[in-house]
Amino acid sequence: MAKEYRTIEEVAGPLMLVQQVSDVKYDELGEIELPNGEIRRCKVLEVNGTDALVQLFESSLGINVEQSKVRFLGKGLELAVSPDILGRVFDGMGHPIDGGPEIIPTRMMDINGQPMNPAARDYPNEFIQTGISAIDGLNTLVRGQKLPIFTGSGMPHAQLAAQIARQAKVRDGSGKFAVVFAAMGITFEEADYFVSDFRRTGAIDRTVMFMNLANDPAIERISTPRMALSAAEYLAFELDMHVLVIMTDITYYAEALREVSAARKEVPGRRGYPGYLYTDLATMYERAGRQEGKDGSITLVPILTMPDDDKTHPIPDLTGYITEGQIVLSRELYRRGIRPPIDVMPSLSRLKDKGIGAGKTRADHANTMNQLFAAYSRGKDAKELQVILGEDALSEVDLIYAEFADAFESKYISQGFETDRTIIETLETGWKLLSMLPRTELKRIKEEFIDQYYGKD
Amino acid sequence: MKSAIQGRIVKVSGPLVIAEGMRDAEMFDVVRVSDKKLIGEIIEMHGDRASIQVYEETAGLGPGEIVVSEGAPLSVELAPGLISQIFDGIQRPLERIKALAGNSIARGVDVQALDRTKSWEFKALVQVGTEVEAGDILGTVQETELVLHKVMVPVGVSGIVKEIKNGDFTIVDTVAVIEDAAGQAHDVIMMQKWPVRRGRPYREKMAPDEPLMTGQRSIDTFFPVVRGGTATIPGPFGSGKTVVQHQLAKWAAADIVVYIGCGERGNEMTDVLREFPELLDAKSGQSLMKRTILIANTSDMPVAAREASIYTGITIAEYFRDMGLSVAVMADSTSRWAEALREMSGRLEEMPGEEGYPAYLGSRLANFYERAGAVYCLGKEKRIGVLTAVGAVSPPGGDLSDPVAQSTLRIVKVFWGLDSALAYKRHFPAINWMNSYSLYADKVGQWMDRNVAPDWSRLRDDALKLLQEEAELEEIVRLVGQDALSYSDRLKLESARSLREDFLQQDSFDEIDTYCSLNKQYKMLSIIMKYYYVGSAALGNNASYNELVKIPARYEISRFKSLPEDQVDERFERINRELEEQINAVMPQGV
């Protein structure tokens, strides 16, 4: 059995220093036994000679420097997985909290995973129909993509994420589908919204949930997303399922990371976040994707509340540099009653070009998408002018564009959280709107498509 | 050979390992850490304690484990077999790792950078008895259809060729024997090794002046880079940095492209791996992969190897430059590289400079970009080799006051500033013409006037001026509306819009528009500007503005970009003619 140490020297925040240890390895998992027999977990952040600096995964409440014992387990933090994890609810450390039995593991997964060899990745190019026009038509999601939702407090990101989870399908309907849900620091009510929505639609049976709520120890949040991704990797790459991972909220995760970094007195980067925030986020996000020779896939939709709706805040900023695009919610659209309030201009799906077109969606998709963007952008400019200078200041064409922008928002974007549109319906809606414009304005569409679809009802 | 220096780990903190008993090791020596044989590099020495940055995940390492020095600095292997490969940051071939370790990158995989078993057909170019010096070409290997690999006399060797062979050899077989002045014989194999942190030597540097064609209109016409120049693409996320880099890697008129994916997305490297073999080179019709080398250290791979990756890439590029080739290096993104530097610096407990970056950030960056250039290579025949370097910068929040962006701007000569406002409007490439610049523009303009068309620089300057004026007029329109403008100003706005939409915007995903020849660029620009010149003159002669903006030739101009190259000349003539006729038609009669 592993050696036990009673040599805890100090406990400060989430950190603990254990002295006179031998044979302790970097990143090793440890157990702390409290005087009352309770077991807490920790991991080694640094070994220096016979000193080990460890990071607690759980609260430090009740740790007694004199009487607590520390054991090092010679392995990293692991998650027990088996096909039975589907339909279960776990806490942020991977223990079942739904009253069901412990998982009898068929495998133990190291929650840190291993970097995927870029030469072994399969490029994501399979169109996922979410039934939401602003996503399907303009910022198309594909299997194996990581596409975060950038939102602000008080906006309906949960409804949107639940809608995606509920409606997402591939057009040929192939493959087994599962949802992995990781809650990090969100409130009970928000978590409950997801649970009841999954229950209502019957999705709960193919869902695995990891819950770290606002009142759970912040420090557990650091392992929660990794638990969820390990479960997703198991389902995707061993059970060949198509897994949609929803993680909410990345902001709380990053704050937990900052807490540990500050406790270690590291040189802070922007706004006090550690300099390795980018690398840390990347090791999570990059676990999404497809692999050669495997049928399954991991599609990742993290939800991220931008502090003060500021997209240049380090968390959304660094996330945007790693993920393959972003869906941005707009408070202005939300106030105007547009549901879902997706602001399509700053939203982007980097992988859309490989997932759309003939054989995937429809041949005219790329052209109409570009034209809709261009027209909406010009329409918004025209409306801005209209506000300042009045309608008279607009040229004939600009007036049409201004009308187009309004119609686009109300007919194309604002479809509600319950409507499930097929991609064909989305494209038809687009053409109906484009038909408001004079034909010569459709500079981004090939003649053949204009002939085929322009002005048809 | 010294006996191996062996020390023991005393401290492990992330990718930094400190070992004692290393007094005899040298700075920047490569070491193997623990019995897992993880690769690391010595970056600091304090007495007998060496600080080592480890290029692989260090989980599971602890004090007491052994560290063995390999007695040589981090080096790359240079020989036939480099092209079409994908390597990690320390030149381990990822395809081989996949074959050995599956879809994930396991630790301590021991693979050689280049295949030692494959035979290449070596054709000798010198005879026995020839006197050779470092850099002289001994023979060639046709590495791919696009690349004739020249086997050079390694640096430090010169003398008389005593023996030279022809035929099939592996890269470690002796192909020649050279006897130096002291009478000592040197066996020459095809493979050379070179330490990545030291630039490969050349005879002399020169000022570059020939443009590097990229087939991208806003770059070639407005903000050109020269062969041997340096450029940077800063921009916030979503502004299309990577797409521009990929476009350059695809279409730049270079013999060799080295693409360094440094701390970026795994799928982007996969994209290159999947897409490039299917794309054909505009000149030769061969697959683009046959001239491309990829260095991939994706963001989830160990951070220390990211620091090494750009040196690995540029050293390989220099090797091909030494053969007298034109090489282009793309580094995406140097900000991630700088972050790796910052992370190591933090772990070393160095005093931080701006934003936590180490104080030597600027000098390291300068060092990297200075390895680009046009040079006379080593060797008697005075070959000219060029190395062009393009680095992406990912400034936080798109803010260019970021230390990495600022340090880069001090060094490079071309700045392609990407703008998120343009990207939101789906104006791609989102290169902002208002703040981008190229210090090579004048030189390239003269070259273009000589080689493409005599009025090239005039058109370019007028077009830029027109775009500038548009920005000023837009301000006025925003305040008082378009009606307040004179007709000639309104024509300026229309013509500038045409410049933006019909010329600057270029669709990288469109089969035809993705690459635009200089001839087509010139004709597009010339016809758009012609509308402006002739239209302005017509307005001066009381032509109707409303009729002028409606002439059908403008629709033809907007379709010009999707025209295949072989129809360009004919269509140009036609539109040119129609444009004049139609503008004449809107003039009041009797003028």
Side-chain angles (χ1 to χ4, degrees), chain A residues 23-28 45-50 76 112 114-124 266-270 275-276 278-279 282-283 286-287 289 291-294 311-312 314 317 320-322 324-326 345-346 348 351 353 366 370 373-374 377 385 388-389 393 395 440 443, chain B residues 10-13 58-64 86 94-95 97-98 102-106 236-238 261 263 265-267 269-271 273-274 296 298-303 336 339 342-343 346 352 355-356 394 396-399 420 424-426 477-478 480-483 501 507 509 555 558 562:
Chain A
D23 242 5
V24 172
K25 311 290 188 197
Y26 173 69
D27 211 29
E28 190 176 357
L45 280 186
E46 188 178 302
V47 275
N48 190 357
T50 58
N112 285 320
Q114 276 183 328
M116 218 189 280
N117 187 332
R121 278 181 188 267
D122 223 351
Y123 198 73
E266 290 171 334
V267 178
R270 285 177 71 214
Y276 49 79
Y278 176 84
T279 306
T283 51
E286 281 287 325
R287 288 168 78 173
Q291 291 186 2
E292 266 178 7
K294 306 276 171 133
K311 218 175 85 170
T312 63
D317 189 52
Y321 277 121
I322 309 162
E324 282 134 354
Q326 65 278 339
M345 304 312 271
L348 170 73
L351 303 183
D353 300 286
N370 289 331
F373 270 123
S377 154
L385 271 183
I388 307 171
L389 302 164
S395 68
T440 46
K443 287 184 183 176
Chain B
V10 289
K11 177 179 171 181
V12 186
S13 168
T58 50
L61 296 188
I86 175 167
L94 287 170
E95 293 285 354
I97 292 184
K98 183 173 77 176
N103 287 353
S104 308
I105 297 182
F237 64 83
R265 305 176 182 90
N267 277 331
M269 299 314 291
T270 314
D271 187 23
L273 271 181
R274 297 269 180 285
T298 56
S299 53
D300 55 340
M301 282 155 79
V303 66
R336 305 300 160 225
E339 275 169 18
R342 173 167 71 182
E343 187 170 342
E355 297 255 3
S394 319
D399 174 10
S420 53
Y424 293 171
K425 293 182 177 168
R426 297 326 191 240
V477 171
R478 241 177 307 230
V480 292
Q482 204 163 36
D483 288 344
E501 291 179 0
D507 186 353
F509 298 99
Y555 184 69
S558 72
S562 52

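Only heavy atoms go into these numbers, but all of them, side chains included; no hydrogens, no water, no symmetry mates.
- For B:Ile105, the parts lying near chain A are the backbone and the side chain together; criterion is any non-hydrogen pair under 4.5 Å.
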Test log, rule salt bridge (charged side-chain N to carboxylate O under 4.0 Å, His left out), inputs A:Lys443 and B:Glu501: CA-CA 9 Å; A:Lys443 287 184 183 176; B:Glu501 291 179 0; 3.4 Å; yes
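- In this structure, a donor-acceptor pair under 3.5 Å is absent between the side chains of A:Tyr276 and B:Glu339.
- Closest approach of B:Gly356 to A:Val267, counting heavy atoms only: CA-CG1, 4.3 Å.
- A:Glu292 has no carboxylate O lying under 4.0 Å from a charged side-chain N of A:Arg121, or vice versa, which leaves the two without a salt bridge.
- When each of B:Val10, B:Val480, B:Asn103 is scored by its heavy-atom pairs under 4.5 Å with chain A, the top score falls to B:Asn103.
- Scanning for side chain to side chain donor-acceptor pair (under 3.5 Å) contacts around A:Tyr321 gives an empty result, with sequence neighbours left out.
- Of the atoms belonging to A:Asn112, not a single heavy atom falls under 4.5 Å from chain B.
- A donor-acceptor contact shorter than 3.5 Å links the side chain of A:Glu286 to the backbone of B:Gly266.
- A:Glu324 touches chain B through backbone and side chain together, each having a heavy atom under 4.5 Å away.
- For chain B, the nearby part of A:Leu45 is the backbone; its heavy atoms alone come within less than 4.5 Å.
- Looking at B:Asn267 and A:Pro124, their side chains come closer than 4.5 Å, going by heavy atoms from C-beta outward.
- With a 4.5 angstrom heavy-atom cutoff, B:Asp483 touches chain A only via side-chain atoms.
- If you tally non-hydrogen atom pairs under 4.5 Å between each of A:Pro314, A:Ala119, A:Gly275 and chain B, the highest count goes to A:Ala119.
- Using a 4.5 Å cut-off between heavy atoms, B:Leu273 contacts chain A through its side chain alone, with no backbone atom that close.
- Taking chain A as the reference chain and counting heavy-atom pairs below 4.5 Å, the highest number among B:Asp399, B:Thr58, B:Ile97, B:Asp507 is found for B:Thr58.
- Between chain B and the options A:Leu351, A:Ile322, A:Asp23, the largest number of non-hydrogen pairs under 4.5 Å is found for A:Ile322.
- Every residue two or more places apart in sequence or in another chain was checked for a side chain to side chain donor-acceptor pair (under 3.5 Å) with A:Tyr123, and none qualifies.
- Residues A:Lys25 and B:Gly62 come closest through the heavy atom pair CD-N, 3.7 Å.
- Contact detail for A:Ala282 and B:Asp300: the closest heavy-atom pair is O-CB, 4.1 Å.
- Proximity to chain B (any heavy atom under 4.5 Å) is shown, for A:Glu28, by neither the backbone nor the side chain.
- Contact annotation for A:Ser377: only side-chain heavy atoms (C-beta onward) come within less than 4.5 Å of a heavy atom of chain B.
- Proximity to chain A involves both the backbone and the side chain of B:Met301, based on heavy atoms less than 4.5 angstrom apart.
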Test log, rule side chain to side chain contact (heavy atoms under 4.5 Å, CB included), inputs A:Gln291 and A:Met116: CA-CA 8 Å; A:Gln291 291 186 2; A:Met116 218 189 280; 3.6 Å; yes
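- Of the atoms belonging to B:Val477, heavy atoms from both backbone and side chain fall under 4.5 Å from chain A.
- B:Phe237 approaches A:Gln326 most closely through the heavy-atom pair CE1-OE1, 3.4 Å.
- The most heavy-atom pairs under 4.5 Å with chain A, out of B:Glu343, B:Arg342, B:Arg274, come from B:Arg274.
- Annotation: maximal heavy-atom pairing with chain A below 4.5 Å, among B:Ala296, B:Pro236, B:Ser420, occurs at B:Pro236.
- In terms of non-hydrogen atom pairs under 4.5 Å with chain A, the most contact-rich of B:Glu355, B:Glu95, B:Met269, B:Lys425 is B:Lys425.
- For a residue to count as touching a neighbouring chain, one of its non-hydrogen atoms must lie under 4.5 Å from one of that chain's; by this rule A:Val47 touches chain B with backbone and side chain alike.
- For B:Val303, the part lying under 4.5 angstrom from a heavy atom of chain A is the side chain only.
- With a 4.5 angstrom heavy-atom cutoff, A:Leu348 touches chain B via backbone and side-chain atoms both.
- At a 4.5 Å heavy-atom cutoff, the contact between B:Pro396 and chain A is made by backbone and side-chain atoms alike.
- The candidate from B:Asp271, B:Thr298, B:Ile86 with the greatest count of non-hydrogen atom pairs under 4.5 Å with chain A is B:Asp271.
- Of the charged side-chain nitrogens involved, at least one lies within less than 4.0 Å of a carboxylate oxygen, so that A:Asp317 and A:Arg270 count as a salt-bridged pair.
- Residues B:Lys11 and B:Ser13 are in side-chain contact: their nearest non-hydrogen atoms beyond the backbone lie under 4.5 Å apart.
- The contact between B:Ser394 and chain A is made by backbone and side chain atoms together, counting heavy-atom distances below 4.5 Å.
- When each of A:Asn370, A:Thr312, A:Leu389, A:Asp27 is checked for heavy-atom pairs under 4.5 Å with chain B, A:Leu389 comes out on top.
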